[in-house]
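Throughout, residue positions are numbered sequentially from 1 according to the sequence presented.
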Amino acid sequence: MEGIASFSCLIKQNAKFLGFNDCGISPVQHLEKEASRLKQWITSGLYGQMVYMAGHFDQRVNPGKLVPGAKSVISVLLNYYPADTQKDKEAPNISKYAYGHDYHKVIKNKLNKLLQFIRKTYPKVNGRFFIDSAPVMDKVWAARSGLGWIGKNTNLISRENGSFVFIGELIIDLELEYDIPEKDYCGTCTLCIDACPTGAIVKPYLLDARKCISYFTIEYKEELPSEMKGKFENWVFGCDICQDVCPWNLKCLPHDEPDFNPHPRLMEMSKDEWFNLSEEDYKEIFKNSAVRRTKYSGLKRNLDFIR
Ligand code: SF4
Ligand code: SF4
């Protein structure tokens, strides 16, 4: 057991060395409680057009179905809180997570290095890393690994890093020493629920994605519904309101990941420049950004909607 404990410490040290802000480990288990909540969420259709959220149910609640013989989930956090925000306060907003390069590649690269580190000691370890790329309940695993709790706004909140963090996982078939889940520190606070302009947090810990600005500006593929007109508060890709108001984000420190630094023009763009954004400029400014997900036409649709 002592060997397992010290190797688990080494994994966490290596994760920090690779630039992750935190790392925790939990045992692979069937997510019984979460399975019934998820089933309810799916049955009530709260996922809207995100049909992929309703699929792969068995894998979602049991990582053993993704990695044969899976024993441990190693969860990592990577801070993306930016040093600066957009200069023109009247300009359309994009979510902070999309300021820099698409995070998938950055985190996959680091997780792959973490897996290689483990294989130096245990060459036969079988494992896979995940970052939004497969049906893994990342927030649940991060909370079980002691990295934070799932707040009333349904984001993972870390006491040390706040909620502007990406979550990744490495699922492996090696037994390790496990962490204790974090407590819920939301208390009596309801700031996120009160601040949401569309009432998408329908009750504490329950998000109706069909009302969320993030969903409309990124996932929704049709013409935006007229009843949402005037409610987007300048957001054209994602929405950070329920995180910006969270007291646990008051002391966020800026990230030190060069790949997350924004294109300099993004920070400088005035309101007028945003509304006159050409396809050529879109391609340059968002070259490696998650904003590419909406394509130029989607971003234009969102801009027209808030104009
Ligand atoms: S992201 Fe915006 S719209 Fe969605 S729940 Fe949070 S505050 Fe509401
Ligand atoms: S704003 Fe308050 S209630 Fe909402 S997630 Fe943060 S601490 Fe929890």
Exercise for the section: Please check if the side chain of Arg307 supplies one atom and the backbone of Phe275 the other of a donor-acceptor pair under 3.5 Å. Expected result: yes
Exercise for the section: Work out which heavy atom in Asn155 is nearest to a heavy atom in Ser163; give both atom names and the distance. Expected result: CB-CB, 4.3 Å
Exercise for the section: Compare all side-chain heavy atoms of Ile11 with those of Leu114 and state whether any distance is below 4.5 angstrom. Expected result: yes
Exercise for the section: Assess Lys229 against Phe305: is NZ or CZ under 6.0 Å from the centre of the six-membered ring, and within 45 degrees of the ring's axis? Expected result: yes
Exercise for the section: In plain terms, say whether Glu284 and Arg265 are close enough for a salt bridge, that is, a side-chain N and a carboxylate O under 4.0 Å apart. Expected result: yes
Problem - Trace of the salt bridge (charged side-chain N to carboxylate O under 4.0 Å, His left out) decision for Glu279 with Lys295 - result: CA-CA 9 Å; Glu279 187 157 9; Lys295 302 199 174 69; over 6 Å; no
Exercise for the section: Please lay out, stage by stage, how Thr198 and Phe216 fare under the test side-chain contact (heavy atoms from CB on, under 4.5 Å). Expected result: CA-CA 11 Å; Thr198 58; Phe216 280 122; 6.0 Å; no
Problem - Side chains of Pro225 and Tyr220 in contact at under 4.5 Å (non-hydrogen atoms) - result: yes
Problem - More than 12 heavy atoms from other groups under 6.0 Å of NZ on Lys203 - result: no
Exercise for the section: Report yes if some heavy atom in the side chain of Phe7 is under 4.5 Å from a heavy atom in the side chain of Ile118; otherwise report no. Expected result: yes
Problem - Carboxylate-amine/guanidinium proximity below 4.0 Å for Glu257 and Lys110 - result: yes
Handout entry: Pair Arg293 + Glu219, salt bridge at N-O below 4.0 Å
Key = yes
Problem - Side chain to side chain, Asn234 and Ile306, heavy atoms closer than 4.5 Å - result: yes
Practice task
Check Ser270 against Asp88 and note the closest heavy-atom contact, atom names and distance.
Solution key: CA-OD2, 3.4 Å
Completion exercise
Taking every heavy atom of Pro63 against every heavy atom of Ile171, the minimum-distance pair comes out as CB-CD1, 3.7 Å
Exercise for the section: Give a yes or no on whether a salt bridge exists between Arg159 and Glu182, defined as a side-chain N under 4.0 angstrom from a carboxylate O. Expected result: yes
Practice task
Taking the side chain as every heavy atom from C-beta outward, state whether Cys246 and Ile157 have any atom pair closer than 4.5 Å.
Solution key: yes
Problem - Test applied, side chain to side chain contact (heavy atoms under 4.5 Å, CB included); reference residue, Trp141; option that passes from Leu31, Ile167, Ile25 - result: Leu31
Practice task
Please determine, by modelled atom types, if Asn302 and Thr217 share a side-chain donor-acceptor pair under 3.5 angstrom.
Solution key: no
Practice task
Would you mind telling me which of Asp194, Leu207, Asp208, Leu206 makes a side chain to side chain contact (heavy atoms under 4.5 Å, CB included) with Ile201?
Solution key: Leu207
Exercise for the section: Report yes if some heavy atom in the side chain of Lys96 is under 4.5 Å from a heavy atom in the side chain of Asp244; otherwise report no. Expected result: yes
Practice task
State, with a plain yes or no, whether a side-chain heavy atom of Ser158 is found less than 4.5 Å away from one of Val165.
Solution key: no
Practice task
Starting from the C-alpha separation in whole Å, work towards a yes-or-no answer on side-chain contact (heavy atoms from CB on, under 4.5 Å) for Tyr81 and Leu253.
Solution key: CA-CA 7 Å; Tyr81 192 75; Leu253 295 173; over 6 Å; no
Practice task
Report yes if the distance between the aromatic ring centroids of Phe260 and Phe166 is under 6.0 Å, otherwise no.
Solution key: yes
Handout entry: Test item: Arg144 and Glu34 side chains (from C-beta on) under 4.5 Å apart, heavy atoms
Key = yes
Handout entry: Pair Arg128-Leu170, side-chain contact (heavy atoms from CB on, under 4.5 Å): steps then yes or no
Key = CA-CA 6 Å; Arg128 277 177 71 186; Leu170 191 54; over 6 Å; no
Handout entry: Aromatic ring pairing Trp274/Phe286, orientation class (parallel under 30°, perpendicular over 60°, tilted between)
Key = tilted
Completion exercise
Nearest heavy-atom approach of Pro92 to Leu303 is CG-CD2, 3.7 Å
Practice task
Could you tell me how the ring of Phe164 sits relative to the ring of Tyr80: parallel (under 30°), tilted (30 to 60°) or perpendicular (over 60°)?
Solution key: perpendicular
Problem - Closest non-hydrogen atom pair between Gly151 and Cys186, with its separation - result: CA-SG, 3.6 Å
Handout entry: Tyr122 OH: over 12 foreign heavy atoms closer than 6.0 Å
Key = yes
Exercise for the section: Give a yes or no on whether a salt bridge exists between Lys12 and Asp179, defined as a side-chain N under 4.0 angstrom from a carboxylate O. Expected result: yes
Problem - Salt bridge present between Lys71 and Glu175 (N-O < 4.0 angstrom) - result: no
Practice task
Using atom types as modelled and distance alone, determine if a side-chain donor or acceptor of Asn249 lies under 3.5 Å from a backbone N or O of Gly162.
Solution key: no
